[in-house]
Number of protein chains: 2
Amino acid sequence: MNIGTASEQSQLPVKTIRYYEDIGLVRPLRSDNGYRDFSETDLQRLKFLQRSRSLGFSIEECRELLSLYEDGDRASADVKAITQSKIREVDRKISELQSLKKVLTTLSDACHGDDRPTCPIIDDLAGEADR
Amino acid sequence: MNIGTASEQSQLPVKTIRYYEDIGLVRPLRSDNGYRDFSETDLQRLKFLQRSRSLGFSIEECRELLSLYEDGDRASADVKAITQSKIREVDRKISELQSLKKVLTTLSDACHGDDRPTCPIIDDLAGEADR
DNA sequence: TTAAAGCTTCCAGTCACTGGAAGGTCAAGA
DNA sequence: TCTTGACCTTCCAGTGACTGGAAGCTTTAA
């Protein structure tokens with residue numbers, strides 16, 4: 001199938017698919033006219049990539065997961081390990097954002113937000129607040 | 001003061017300060033030897049940038065905040081509006097990450113993680129699971 | 001026949017830096 | 001005086017994961 005069809009089926013933009021070929025994540029054959037010709041297996045890989053990217057795995061993690069996917073003998077523990085380290089990463093990000101939100105909310109609440117120039121947010125950014 | 005001192009005082013890497021000059025966030029004078037010469041005002045800007053970047057404002061938001069910072073007449077409402085939209089953005093990211101974590105945790109829990117090859121995580125990524 | 005849609009490659013841009021090379025300047029010590 | 005090392009300069013390239021656009025093929029439908 002052509003790249004347009006593969007794009008539709010995998011829910012990945014055409015540009016992204018070409019990029020994935022560039023970095024060796026998929027290797028479609030070429031038709032006589034030079035067009036990429038995606039097999040069912042290629043499509044499976046693309047769908048796999050779409051799903052794993054949308055779950056927040058990096059390209060390199062996806063590459064690793066793909067090779068585990070295609071190695072019928074690998075231990076499920078290997079896959080679980082990657083997933084759990086990703087969960088820890090997500091957790092770290094969540095708590096970072098939560099403390100960020102806390103600071104921003106405190107600042108925002110302290111600012112009366114009218115048309116006068118006095119502003120505790122700016123004062124804090126400028127390092128002039130009591131903290 | 002030289003860039004090294006400015007870097008220490010502002011807690012910004014030397015490279016980052018040069019980059020900020022490149023994009024017009026700070027405009028230090030030059031000494032006769034060609035070295036950048038940072039004034040106290042320049043240092044204030046750098047500290048302001050360090051703090052606002054660390055609170056998750058983008059460079060363009062920082063640029064806007066800086067100009068509000070230096071406009072003694074601006075309304076505090078303007079600053080508060082930027083801060084609140086940033087809070088909403090942080091909120092969106094948090095809930096995205098939370099639902100991501102949910103999916104990953106469900107997948108991880110379903111995988112027994114031993115040396116056998118059967119793995120519900122991979123099955124899900126491949127789109128072979130019941131969902 | 002022709003127009004539009006779809007395909008190709010290649011180059012550049014995004015964001016916010018970061019690394020490294022090649023070279024100039026300055027201060028301290030032998 | 002010389003040298004060493006720290007510090008400074010510019011410029012170019014790379015990061016991650018695409019995305020946009022130009023120029024030019026091929027295919028399909030009217």
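Naming: A, B, ... by sequence-line order, numbering from 1 per chain.
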If the condition is side chain to side chain donor-acceptor pair (under 3.5 Å), which residues does A:Asp42 pass it with, not counting sequence neighbours? A:Ser39
Please report the distance, rounded to the nearest Å, between CG in B:Leu12 and P in C:dC17. 8 Å
Got a sec, which residues hit ring pair (Phe, Tyr, Trp, His ring centres under 6.0 Å) with A:Tyr69, two or more places apart in sequence or on another chain? A:Phe48
Could you tell me how far apart B:Glu21 (CD) and D:dT9 (P) are, to the nearest whole angstrom? 8 Å
Minimum heavy-atom separation for B:Val26 and B:Arg45, please, with both atom names. CA-NE, 4.3 Å
Taking atom P of C:dA16 as reference, at what distance in whole Å does atom CD1 of B:Ile17 sit? 17 Å
Give, for atom OG1 of B:Thr105 and atom CG of A:Asp91, the distance between the pair rounded to the nearest 0.5 Å. 7.5 Å
Which side-chain N or O atoms in residues 3-15 of chain A pair as donor and acceptor under 3.5 Å with protein atoms at least two apart or in another chain?
from: A:Ser7; atom 1: OG; to: A:Leu12; atom 2: O; distance (Å): 2.7
from: A:Ser10; atom 1: OG; to: A:Ala6; atom 2: O; distance (Å): 2.7
from: A:Ser10; atom 1: OG; to: A:Leu12; atom 2: N; distance (Å): 3.3

Output the rounded distance in Å from CG (A:Asp37) to P (C:dT8). 10 Å
So, using side chain to side chain contact (heavy atoms under 4.5 Å, CB included) as the criterion, who are the partners of B:Glu96 when residues are at least two apart? none
Which protein N or O atoms sit under 3.5 Å from an N or O of nucleotides 4-6 of chain C?
from: C:dG6; atom 1: N2; to: A:Tyr35; atom 2: OH; distance (Å): 2.8

Looking at B:Thr83 and A:Ser108, what are the two nearest heavy atoms and their distance? CG2-CB, 4.1 Å
My understanding is that only residues two or more places apart in sequence, or in another chain, count here; which of them pass side chain to side chain contact (heavy atoms under 4.5 Å, CB included) with B:Asn33? B:Ser31, B:Tyr35
Scoring nucleotides 12-18 of chain D by protein non-hydrogen atoms under 4.0 Å (B base, S sugar-phosphate only, - none) yields -----BB
Are A:Leu97 and A:Leu100 close enough that some pair of their side-chain heavy atoms sits under 4.5 Å apart? yes
Between A:Arg36 and D:dT26, is there a contact of a side-chain N or O with OP1 or OP2 at under 4.0 Å? no
Ignoring backbone atoms, establish whether A:Asn33 has a side-chain N or O less than 4.0 Å from OP1 or OP2 of D:dT27. yes
In residues 91-100 of chain B, which ones come under 4.0 Å of DNA chain C, going by heavy atoms? none
Please give, in whole Å, the distance from C:dC7 P to A:Arg30 CZ? 12 Å
Here the pair of heavy atoms bringing B:Ser76 nearest to A:His112 is OG-ND1, 3.5 Å
Do any pairs count as a ring-ring contact (aromatic ring centres under 6.0 Å, His included) and have a residue in residues 6-34 of chain B, sequence neighbours left out, and if so which ones? none
Atom CG of A:Asp32 and atom P of D:dT27: how far apart are they, to the nearest Å? 9 Å
Taking the axis from the first five pairs and the axis from the last five, what angle separates them in the helix from C:dT1-D:dA30 to C:dA30-D:dT1, rounded to 10 degrees? 30°
Measure the distance from CG on A:Asp22 to C1' on D:dT19 and round it to the nearest whole Å. 13 Å
For B:Arg63, give me all partners under salt bridge (charged side-chain N to carboxylate O under 4.0 Å, His left out), at least two apart in sequence or on another chain. B:Glu60
Once you apply a heavy-atom cut-off of 4.0 Å, does A:Arg18 come out as touching a base, just sugar-phosphate, or nothing? base
Who passes side chain to side chain contact (heavy atoms under 4.5 Å, CB included) against A:Arg27, sequence neighbours left out? none
Check the pair A:Glu21 / A:Arg18 against salt bridge (charged side-chain N to carboxylate O under 4.0 Å, His left out), numbers first and verdict last. CA-CA 5 Å; A:Glu21 187 189 20; A:Arg18 291 204 191 99; over 6 Å; no
